[in-house]
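Per chain, numbering begins at 1; letters A, B, ... match sequence-line order.
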Number of protein chains: 2
Amino acid sequence: MSTALSASAAKGRTLNKRRDRRDEYRIGDIARLTGLSADTLRYYEQIKLLPAVNRTASGIRVYTGKDISRLNFIQRAQKMNFSLAEIGELLKMREDPRRARDEVRRLTAAKLSEVEARLNDLNILRKELRLLLNLCKASDDGCPIIEGIDRKVGEKTRQRRRVKAQR
Amino acid sequence: MSTALSASAAKGRTLNKRRDRRDEYRIGDIARLTGLSADTLRYYEQIKLLPAVNRTASGIRVYTGKDISRLNFIQRAQKMNFSLAEIGELLKMREDPRRARDEVRRLTAAKLSEVEARLNDLNILRKELRLLLNLCKASDDGCPIIEGIDRKVGEKTRQRRRVKAQR
DNA sequence: GTTCACCCTGGAGCCAGCTCCAGGTCAAGC
DNA sequence: GCTTGACCTGGAGCTGGCTCCAGGGTGAAC
């Protein structure tokens, strides 16, 4: 990552002028612009997440601004926990949003409930971990954390629980 | 899963009396008791998560209550987001908790911050997904969700945002 | 005409945590 | 003695999302 950055800094925008002006980029340029590796870009094409990228006569991939826009979309959707398969769906819909609204909404709503379920689990988990850590600070024999996992966090430990506000 | 349940219901506790009274179980019994598959149990042994299980003269695994206790520990720790590798560590410490307290605490604290970081991400994500869905209900052309992902949720959509309380 | 960075392909490998399979053994009941 | 079901082993396969590699082509600069 820092390698990628310093490489691009050192060699500068070798996005050569011709390609640069014509809104044409080679895979290395795109890698630098998006932070994705060239391997990943070829992989995305291979799994059809990107439509077949244009090629020069000699077979070198030539990306355009449109591809960059798709890639940015992919990266954002990925941050939103969409899988590549789901992103594929979203990209198709992106080509024709009007027709696809309900479907997009469904996907998004499903993703939202997934996220909420996960949040729920993690909140419970956090509470348990905090409890265990607090017990640990207060106890001076045995290991309340191990015991806590053994007996499912507060089954017997409960009465000693008023120990350090639980933040 | 329902198969496993109905199978155990149908054939009953064929945990035969001998083994039953002696606190000895075969792999199928343990599978029924823990909900783990026999394959998984063998796998845990193979990766040394369980110490080598006792065998009959003919090579059949014979589990004891101690193994069940370990497996319960594993399942609980797994629910607490510990990886099998981490659980391996915890199990070692469980054998000698006094000596291991600091290490256990370290592991737990690390796990807690992992969980908190993840919670943070997911909270942001939830906010964005909710915003997108609300926009979607309010708009009647285009697809605000797609556009939202395109422009990183609320970069331009912000002024139309007073749309249905955001719960 | 050689060097060099960059690009190409197909295919293997990696991570975790299983899951499945073929081919064989064991033990209890009829 | 035969059937049946549970068990054994080693090893392959799966999911998702890459990552790496060998072996070879391209094209601009010196």
Sort me out a list of protein N/O and nucleotides 9-15 of chain D N/O pairs below 3.5 Å, or just none if empty.
residue, atom, partner, partner atom, Å
D:dT9, OP1, B:Arg55, NH1, 3.0
D:dT9, OP1, B:Arg55, NH2, 3.0
D:dT9, OP2, B:Arg61, NH1, 3.0
D:dT9, OP2, B:Arg61, NH2, 2.8

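- If you measure from atom CD1 of B:Ile60 to atom P of D:dC8, you get 6 Å, rounded to the nearest angstrom.
- Rounded to an integer number of Å, the gap from A:Leu41 CG to D:dT19 P is 11 Å.
- The backbone N or O of B:Glu116 lies less than 3.5 Å from no partner atom in the side chain of B:Asn120, so there is not a single donor-acceptor pair.
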Using residues 44-60 of chain B as the side-chain source, report each donor-acceptor pair under 3.5 Å to any protein atom, sequence neighbours left out, with the distance given to one decimal.
residue, atom, partner, partner atom, Å
B:Glu45, OE1, B:Arg61, NE, 2.6
B:Glu45, OE2, B:Val53, N, 3.1
B:Arg55, NH1, B:Gly59, O, 2.8
B:Thr56, OG1, B:Ser58, N, 3.3
B:Thr56, OG1, B:Ser58, OG, 3.1
B:Thr56, OG1, B:Gly59, N, 3.3
B:Thr56, OG1, B:Ile60, N, 3.1

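- Across all non-hydrogen atoms, the minimal contact from B:Ser37 to B:Ala31 is C-CB, 4.4 Å.
- The minimum heavy-atom distance between A:Ile68 and A:Tyr25, with the atom names listed, is CD1-CE1, 3.7 Å.
- Rounded to whole Å, atom P of C:dT19 lies 17 Å from atom CD of B:Glu45.
- Rounded to whole angstrom, the span from the OH atom of A:Tyr63 across to the C1' atom of C:dC8 amounts to 12 Å.
- Rounded to an integer number of Å, the gap from CZ of A:Arg26 to C1' of C:dC6 is 6 Å.
- Listed pair B:Ser58 / D:dC7 fails the phosphate criterion, with no side-chain N or O lying under 4.0 Å from OP1 or OP2.
- The distance between atom CD1 of A:Ile47 and atom P of D:dG17, rounded to the nearest whole Å, is 8 Å.
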Check nucleotides 16-18 of chain C for protein N or O atoms closer than 3.5 Å to its own N or O atoms and list the pairs.
residue, atom, partner, partner atom, Å
C:dG17, OP2, B:Leu84, N, 3.3
C:dC18, OP2, B:Tyr44, OH, 2.8
C:dC18, OP2, B:Gln78, NE2, 2.8

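- A donor-acceptor pair under 3.5 Å is formed between the side chain of B:Gln75 and the backbone N or O of B:Thr34.
- One atom, OH of A:Tyr25, and another, P of C:dC7, lie 15 Å apart when rounded to the nearest Å.
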Practice task
Starting from the C-alpha separation in whole Å, work towards a yes-or-no answer on side-chain contact (heavy atoms from CB on, under 4.5 Å) for B:Leu36 and B:Ile30.
Solution key: CA-CA 8 Å; B:Leu36 298 166; B:Ile30 299 290; over 6 Å; no

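- Spacing between atom CD1 of A:Ile27 and atom P of C:dA5 amounts to 18 Å, rounded to whole angstrom units.
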Practice task
Take A:Leu84 and A:Tyr43, measure what side-chain contact (heavy atoms from CB on, under 4.5 Å) needs, and give me the verdict at the end.
Solution key: CA-CA 11 Å; A:Leu84 293 186; A:Tyr43 171 70; 4.1 Å; yes

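- Proximity of a side-chain donor or acceptor of B:Asp67 to a complementary backbone N or O of B:Thr64 within less than 3.5 Å is detected.
- Formation of a donor-acceptor pair under 3.5 Å by the B:Asn134 side chain with backbone atoms of B:Leu131 is not found in this model.
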